[in-house]
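In listed order, ligands and their atoms are each counted from 1. Numbers for residues simply follow the sequence, beginning at 1.
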Amino acid sequence: MNKPVLLVVDDDPQVLAAVRRDLRSRYRDRYAVLSAASGEEALATVKELKSRGESLALVLSDQRMPGMPGTEVLARSRETYPLARRVLLTAYSDIDAAVRAINEAHLDHYLSKPWDPPEERLFPVIDDLLDAWQAEYLPEAKGLRLVGHQWSPRSHAVKEFLASNLVPYRWIDVERAPDARALLDAAGVGAEGLPALLFEDGSVLRNPEPREVAERLGRSLSAAYDVYDLVIVGAGPAGLAAAVYGASEGLRTLLLDRHAPGGQAGTSSRIENYLGFPAGVSGSELTRRALTQAQRLGAEFLAPLEVTALSFDGGYKRLTVANSREIVTKTLLAATGMSYREHPAAGMAERTGAGVYYGTATTEAPAFSGRRVLVVGGGNSAGQAAMHLARYAKEVHIVVRRESLRETMSQYLIDQIGKTPNIRLRPLTELDRVDGQARVECVSLRSCDDGTCAVEEADAVFVFIGTRPRSEWLPPEVLRDAKGFVLTGRELVAAEAYPRVWKERREPLPLESSVPGVFAAGDVRAGAMNRVAAAVGEGSMMVWLAHQYLALT
Ligand SMILES: Cc1cc2nc3c(=O)[nH]c(=O)nc-3n(C[C@H](O)[C@H](O)[C@H](O)COP(=O)(O)OP(=O)(O)OC[C@H]3O[C@@H](n4cnc5c(N)ncnc54)[C@H](O)[C@@H]3O)c2cc1C
């Protein structure tokens, strides 16, 4: 296979030559740099690359070209190469239009001309985009392959595990892929061994649990030290931020997650409002960057590892961890966030993982190409999922009990949904039941107006309602509110039980719970903002507070 391609598109021969020259000077060893003088020529090149089985890593196109504008070239090349990074080249006067185009066409970046010096203005951007592409890209004949049934909950669990732990793999649906049976025969896997994970060295894991996959991938599941300065439970945005600051400030820091890094934010297809990412950033990309940063600074990360209980021994906190030895720490951050409650409609529990999915649409969306799917919920997470699914599914129906999305969803998402022809809002409607043989085939929807029910075909239901804090692993000494959110700082002082439980001479620090040295940050904390930036802010701030606590002990 040839080198992956960087494609440059511009109708101005001088600009085209200059970009090509700069890109070749830096990337020639690893990438082939091709150029096209018009949108039409670029799309013909893209088609030809596909037919030859080549990889396209990045398209960089000028916006103003006669015939076809750059935004259209980038949007259409995405249909053939969904992973390729897309950069728009604009004149300074076109920046407003470029920002609009970023929102509408979901571009990765815009560059304004001129880009001198390239070491400052061109290469850092392209380096970042190519790193992100490399992290997702898997050459056709290489790497991990997962072969299984689309409607198997275990297949879904392994897919989720690999995707959220940022492990590139290729999914092969045993019923649809022509070469699946031959692959399984060659690996000696029968029906009972599905899903099967096939490794490059020829070895196979049959019907594995995520934990077995982690072990086979060489992930360590045991802590390196006996005692830590800071243990962070939960690797969502709050936990990741605490790990970055804890490690960078010299604390012996351990980060644990029951599933994978990223938390709820990691499941988001596009976070549009996080500072510093004008084109938005996918949850997996933000997670990849944050985890790399935390580990580079010296934080230890273990997953999948669930903390099931916590006890206290003098100033030390002892964590009970599923299938592993106890972990001891001087300070602890509970950053376990929230998760979605099970939807009570009949038929949902039996089909979870087989057409019913909670809190994520990114892993399964491609499997629903050309199909009809439902999104239940009216918050931003539901809106983002609907937008993501609309790129694949024939129809996406958003089912909400309210009259409209106005009170529950950000306006930018409402606008995007309004402009997406294959998304239909179903207001004043609730999901009554799902049916189908071993998977979702149809749903019954009830009108909140008159209570009548109607049965409709549907291939999947993505649920984004009813969150609950993940605080069940904390002991009763850590006070929570009636809904289970951890009380900290001022909210703790205002609680009725405060005088009974708090025995220190000082007041609790901000973010400190009713047990000295146990902090909470992010969505699991009472009064949280439920935003990525807020969770990151609290996680970062907690490290400064941990220093204060350690200085007191
Ligand atoms: C689909 C979606 C889209 C979103 N989009 C946006 C957006 O665009 N902008 C925005 O600002 N916000 C957005 N949000 C909200 C944002 O993601 C959350 O506010 C944020 O992730 C909260 O971070 P956190 O670190 O507190 O917790 P979480 O992200 O919930 O992470 C908690 C982590 O703790 C782990 N955990 C739980 N229990 C245990 C245990 N016992 N042991 C070990 N680990 C455990 C979980 O596996 C999880 O990884 C979105 C949320 C969703 C679901």
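- What sits closest to atom 15 (C) of ligand 1 on the protein, heavy atoms only, is N530 O, 3.8 Å.
- Taking only nitrogen or oxygen atoms, main chain and side chain alike, R531 reaches within less than 3.5 Å of ligand 1.
- Looking only at heavy atoms of the protein, atom 48 (C) of ligand 1 is closest to D257 OD2, 3.4 Å.
- Under the salt bridge (charged side-chain N to carboxylate O under 4.0 Å, His left out) rule, D229 has a single partner from R252, K317, K330, which is K330.
- Between atom 52 (C) of ligand 1 and the options S381, G236, A241, G266, the minimum heavy-atom separation is to S381.
- Ligand 1 has a nitrogen or oxygen under 3.5 angstrom from a nitrogen or oxygen of V307.
- Ligand 1 is never approached by N380 to a heavy-atom distance shorter than 4.0 Å.
- Contact annotation for Q384 and ligand 1: only side-chain heavy atoms (C-beta onward) come within less than 4.0 Å of the ligand.
- The nearest pair of heavy atoms linking W473 to A334 is CZ2-CB, 3.7 Å.
- The proximity of A260 to ligand 1, defined as any non-hydrogen pair under 4.0 Å, is limited to the backbone.
- Taking only nitrogen or oxygen atoms, main chain and side chain alike, A533 does not reach within less than 3.5 Å of ligand 1.
- Distances from atom 37 (C) of ligand 1 to the heavy atoms of V321, T336, V281, L305 show the closest one on T336.
- By the criterion of a heavy-atom distance under 4.0 Å, neither the backbone nor the side chain of Y358 is placed next to ligand 1.
- In V233, the part holding a heavy atom less than 4.0 Å from any atom of ligand 1 is the side chain.
- Taking only nitrogen or oxygen atoms, main chain and side chain alike, D523 reaches within less than 3.5 Å of ligand 1.
- For ligand 1, the polar-atom distance check finds an N/O of V532 within less than 3.5 Å of one of the ligand's N/O atoms.
- The minimum heavy-atom distance linking P508 with Y498 is given by the pair CD-OH, 3.2 Å.
- Checking R525, R270, H388, Q264 against atom 30 (O) of ligand 1, the nearest heavy atom belongs to Q264.
- No salt bridge links D459 with R372; every basic N to acidic carboxylate O contact stays at or beyond 4.0 Å.
- The two atoms that bring Y412 and Q384 nearest to each other are OH-NE2, 4.0 Å, heavy atoms only.
- Checked against a 3.5 angstrom limit, the closest N/O atoms of R258 and ligand 1 fall inside it.
- The side chain to side chain donor-acceptor pair (under 3.5 Å) test applied to D128 returns R289, not counting sequence neighbours.
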> Is there a side-chain contact (heavy atoms from CB on, under 4.5 Å) between V443 and E457 once you walk through the steps?
Replying inline: CA-CA 6 Å; V443 293; E457 275 179 24; over 6 Å; no
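- Applying the side chain to side chain contact (heavy atoms under 4.5 Å, CB included) rule to H547 yields the partners E249, L251, V543; only residues at least two apart in sequence or on another chain are considered.
- Under a 4.0 angstrom heavy-atom cut-off, Y340 registers as being in contact with ligand 1.
- Residue A265 touches ligand 1 through backbone and side chain together, judged by heavy-atom distances below 4.0 Å.
- The shortest side-chain heavy-atom distance between L374 and F462 does not fall under the 4.5 Å cut-off.
- A donor-acceptor contact closer than 3.5 angstrom links the side chains of Q411 and D415.
- Seen from the ring of F485, R525 does not count as a face-on cation partner, given the 6.0 Å and 45° thresholds.
- Between P237 and ligand 1, at least one pair of N/O atoms sits closer than 3.5 Å.
- A salt bridge does not link E507 to R490: none of the charged side-chain nitrogens sits closer than 4.0 Å to a carboxylate oxygen.
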